[in-house]
Trainee: 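For reference, the structure I am asking about is given below.
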Amino acid sequence: MADFHPRSDFLTVLSERGFLNQCSDLAGLDERARSGALAAYIGFDCTARSLHVGSLIQIMMLRWLQKTGGKPVALIGSGTTRVGDPSGKDESRKLLTEEEIAANKAGIGRTFAKFLRFGEAPTDAILSDNAEWLLGLNYIAFLREIGRHFSVNRMLTMDSVKLRLEREHELSFLEFNYMCLQAYDFVELHRRYGVTLQMGGSDQWGNIVMGIDLGRRMGTGQLYGLTSPLLATASGAKMGKTAQGAVWLDAEMFSVYDYWQYWRNAEDRDVGRFLKLFTELPLAEVARLEALRDTEINEAKKILATEATALLHGRAAAEEAAKTARRTFEEGALAETLPSVGITRQELAAGLGVLSAFVKAGLVGSTGDARRQIKGGGLKVNDELVTDERAILGESDLQGEIIKLSLGKKRHVLLKVEG
RNA sequence: GGGGGAGUGUCCCGAGCGGCAAAGGGGGCGGACUGUAAAUCCGCUGGCUAUGCCUUCGUAGGUUCGAGUCCUACCUCCCCCA
C-alpha cells in the first residue's frame, strides 16, 4: 500500500490522510476514479438514535469522495437492523419496533446532512435504505437468483467464518447469511445508483469482497472494495467511550462542549493521526502541528478540537466551545456557556443538599456516588472543595444567577436559576 | 432426540466450605505528579429518607433460623453422541 502512488484525487487524499487499510484493486480503482464520477457507498446500522465517533471515519471518507468529485451513497441498514446483528452481545438481541427504527433512521440522517450535500445533482449524496429491497425478498426467489452464486466452500474460508469454526464457536445460519445480504446490497446499489465501490471498517473486508464477487457473477462489471483501519487510541482503547457513555454525534445526546473536550483530551501520540482523519486542515499544517512537543502540543489539540467540532456542529458553535474551555481552564473564570441545568428559585430558597445537587447536574450517578467522590476529594462547588456531604446549597451560594459544580478538574456543570 | 457442562455485582472477565453486599482482575471515575496528555502511585467502583433499611448471583418454586451455594421445574448457551 505504501509503494502505490495514486493519481486520482480521491485515492490521493485517502492515502495521504491515513484512511486506507486494504483495497481490492488500488490501481483499478484509481483508474476508475479518474475516468468519471465515482459512486461509492458505506452501510450504517441504525440501532441507536445517533451515530457515534466510531462511524466518523467512514463519514469522512464519504465527505472526501464528494469533495473530490464523486457521488456518496449512505446506506442505512434498517432492513438488517430488523433482523438484529447476531454477532453482538447476547443481550443486545432485543428487536426494535418499527417506530424506533424510523426514529433512529431520522436521527442518523440528520448527521449525514452535516457532512454531505444531498440533492439531485450528479455528485449530490444519496441516502438509501436496504429495507427497500430486503424486506420484500422472497426466500425461494432469493435462493434461486442470488443464493446460487454463493459458494459455501468459499464462504467457509472467509476469516469471520473460519475463526468461528476453528474456535468451535457457534455460528448461526442467520449470521452465516448476513454476508449474503450485504453482498446483495452492493449489487442492488450498483443497479440503482451505479455504485462501484463499497467502503467500510476493516472488519467489513470479507463482506465487501463477497459483494464484489456476487457483482461479477451477476453482471455488474468490476466492483471495488476499500477499508479503513480500525480506530483505537494510541494506548489501545476503543474510540468513543467516555464516562458519559458513547461520544454521540447528535448534540442533543452529547453536547457541543463535551464533543470539543473529547478531542481536546486526545493523547499526544494521536494528534497527527486525528488531525488527518477528522479535520480538513492541509497536510503541511498538520505536519507542523504534530511536530509540536510537550506543552506546545496542547495548541495542536485545541486546533484539532475546534476543527473537528466545526465540521459536525458548525464553526460558530465550535468557537464558542473553545472560548468556554479557555475561560474555564486557562483563565479560571466562570464561563456562563458551560453546560447547565436549570433550578427554580424556590428549590434553592428551600435549600438543596450538595449530594442531590450533583445528582441533578448529572455529574454523579447517585447520592452514594456523590458521597464517595466527596471522600476522594473530587467535588467542588464554586471551585471550593466539598468536605461536608451534608452541606446545603442556598441563595448565598449564587454567583449572579449561577452555582458552578465540578467533578474533578475537567467536568463542570452550572446550576442556573430560571423562572 | 440421548449424555455431559455452564449462566455471579445491569461494562467485561472471573473466584465463591449454607452466614455474602459476595475474592481478584480489566475497564471506568476521583486524588497525587503533569500539560485538560501518556506512564506511574493511591483511593473508589449496588440503592436509599443511612450507625439502620432495601435490592442483587439465568427464571419460578422448595428445603433451611439462614441459599450465590442444597433440591425441583423451566429458559438460554456450550461440548459429545444421533
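All values derive from a computational prediction rather than experimental measurement. Residue numbering restarts at 1 for every chain, and letters A, B, ... go by the order of the sequence lines.
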Trainee: Starting at atom CG of A:Leu292, determine the distance to atom C1' of B:A37, rounded to an integer number of angstrom.
Mentor: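 Going from CG in A:Leu292 over to C1' in B:A37 covers 14 Å.
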Trainee: Look at all strands and tell whether A:Arg372 reaches a base, only sugar-phosphate, or nothing, counting heavy atoms closer than 4.0 Å.
Mentor: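 It contacts sugar-phosphate atoms only.
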Trainee: Of the candidate nucleotides B:U36, B:G47, B:A37, which contains the atom at the shortest distance from the side chain of A:Glu267?
Mentor: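 Looking only at heavy atoms from C-beta outward on A:Glu267, the closest nucleotide is B:A37.
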Trainee: Measure from CG on A:Asn298 to P on B:U34 and round the result to the nearest Å.
Mentor: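 Nearest whole value for this atom pair: 15 Å.
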Trainee: Using a cut-off of less than 4.0 Å, is there contact between a side-chain N or O of A:Lys410 and OP1 or OP2 of B:A37?
Mentor: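 So the side chain of A:Lys410 is within the cut-off, an N or O lying under 4.0 Å from OP1 or OP2 of B:A37.
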Trainee: Would you say A:Asp129 and A:Ser78 are linked by a side-chain donor-acceptor pair, where the criterion is simply a distance under 3.5 Å?
Mentor: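 A pair is found: one side chain offers a donor N or O, the other an acceptor, under 3.5 Å apart.
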Trainee: Is the shortest distance from a Lys or Arg side-chain nitrogen in A:Arg345 or A:Glu418 to a carboxylate oxygen in the other one below 4.0 Å?
Mentor: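 Answer for the salt bridge query: no.
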Trainee: How many whole angstroms separate atom CD of A:Gln261 from atom C1' of B:G35?
Mentor: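 Taking CD of A:Gln261 and C1' of B:G35, I get 14 Å after rounding.
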Trainee: For the P atoms, the ones on B:G5 and on B:C12, what distance do you get once it is rounded to whole angstrom?
Mentor: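 So the two P atoms sit 26 Å from each other.
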Trainee: Is a donor from one side chain sitting under 3.5 angstrom from an acceptor on the other, for A:Trp133 and A:Asp185?
Mentor: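 Checked: A:Trp133/A:Asp185 side chains pair up, N/O donor to acceptor below 3.5 Å.
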Trainee: If you check the A:Lys301 side chain, which of B:U36, B:A38, B:G35 turns out closest?
Mentor: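 My answer, after comparing the listed nucleotides, is B:G35.
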Trainee: Using atom CG of A:Asp268 as one end and atom P of B:U36 as the other, report the distance to the nearest whole Å.
Mentor: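 After rounding, the gap between these two atoms is 11 Å.
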Trainee: Which of these nucleotides, B:G35, B:U36, B:G47, is closest to any side-chain atom of A:Ser366?
Mentor: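 In terms of side-chain proximity for A:Ser366, the closest of B:G35, B:U36, B:G47 is B:G47.
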Trainee: Any donor-acceptor pair under 3.5 Å linking the side-chain atoms of A:Thr12 with those of A:Asp9?
Mentor: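 No, no side-chain donor-acceptor pair sits under 3.5 Å.
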Trainee: Given B:C48, B:G35, B:A37, which nucleotide is nearest the side-chain atoms of A:Asn265?
Mentor: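 Nearest listed nucleotide: B:A37.
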Trainee: Which atoms form the tightest heavy-atom contact between A:Glu252 and A:Asp250, and what is the distance?
Mentor: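 Smallest interatomic distance, heavy atoms only, reads N-OD1, 2.8 Å.
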Trainee: Tell me the partner of B:C33, counting only Watson-Crick (N1-N3 plus N6-O4 or O6-N4) or G-U wobble (N1-O2 and O6-N3) with both under 3.5 Å; none if nothing fits.
Mentor: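 Partner of B:C33: none.
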Trainee: How is A:Arg371 classified with respect to the nucleic acid when contacts are heavy atoms under 4.0 Å: base, sugar-phosphate, or nothing?
Mentor: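 A:Arg371: base contact, heavy atoms under 4.0 Å.
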Trainee: Rounding to an integer number of angstrom, what distance separates B:C11 and B:U63 when you compare their P atoms?
Mentor: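 Per the computed distance, 34 Å lies between those P atoms.
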Trainee: Below the 4.0 Å mark, does B:A32 have OP1 or OP2 next to a side-chain nitrogen or oxygen of A:Lys409?
Mentor: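 Checking A:Lys409 against B:A32: at least one side-chain N or O falls below 4.0 Å of OP1 or OP2.
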Trainee: P atom, B:G68 versus B:U59: distance in rounded Å?
Mentor: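 Per the computed distance, 12 Å lies between those P atoms.
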Trainee: Describe the nucleic acid contact of A:Lys375 in one word from base, sugar-phosphate, nothing, applying a heavy-atom distance below 4.0 Å.
Mentor: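 Touches nothing.
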Trainee: Using atom C1' of each nucleotide, how far apart are B:A22 and B:A15 to the nearest Å?
Mentor: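 Their C1' atoms lie roughly 10 Å apart.
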Trainee: I need the CD-P distance between A:Glu290 and B:A37, as an integer number of Å.
Mentor: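 Atom-to-atom, A:Glu290 to B:A37, this comes out as 20 Å.
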Trainee: Could you tell me whether A:Ile297 contacts a base, only the sugar-phosphate backbone, or nothing, with contacts defined as non-hydrogen atoms closer than 4.0 Å?
Mentor: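 The residue A:Ile297 makes base contact.
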Trainee: Pick base, sugar-phosphate or nothing for A:Ala266, based on heavy-atom distances below 4.0 Å to the nucleic acid.
Mentor: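 Contact class for A:Ala266: sugar-phosphate only.
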Trainee: Between A:Ser406 and A:His412, is any side-chain donor less than 3.5 angstrom from a side-chain acceptor?
Mentor: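 Yes, a side-chain donor-acceptor pair sits under 3.5 Å.
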Trainee: When syn is taken as a glycosidic angle within 90 degrees of 0, is B:C20 syn or anti?
Mentor: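 Syn, angle within 90° of zero.
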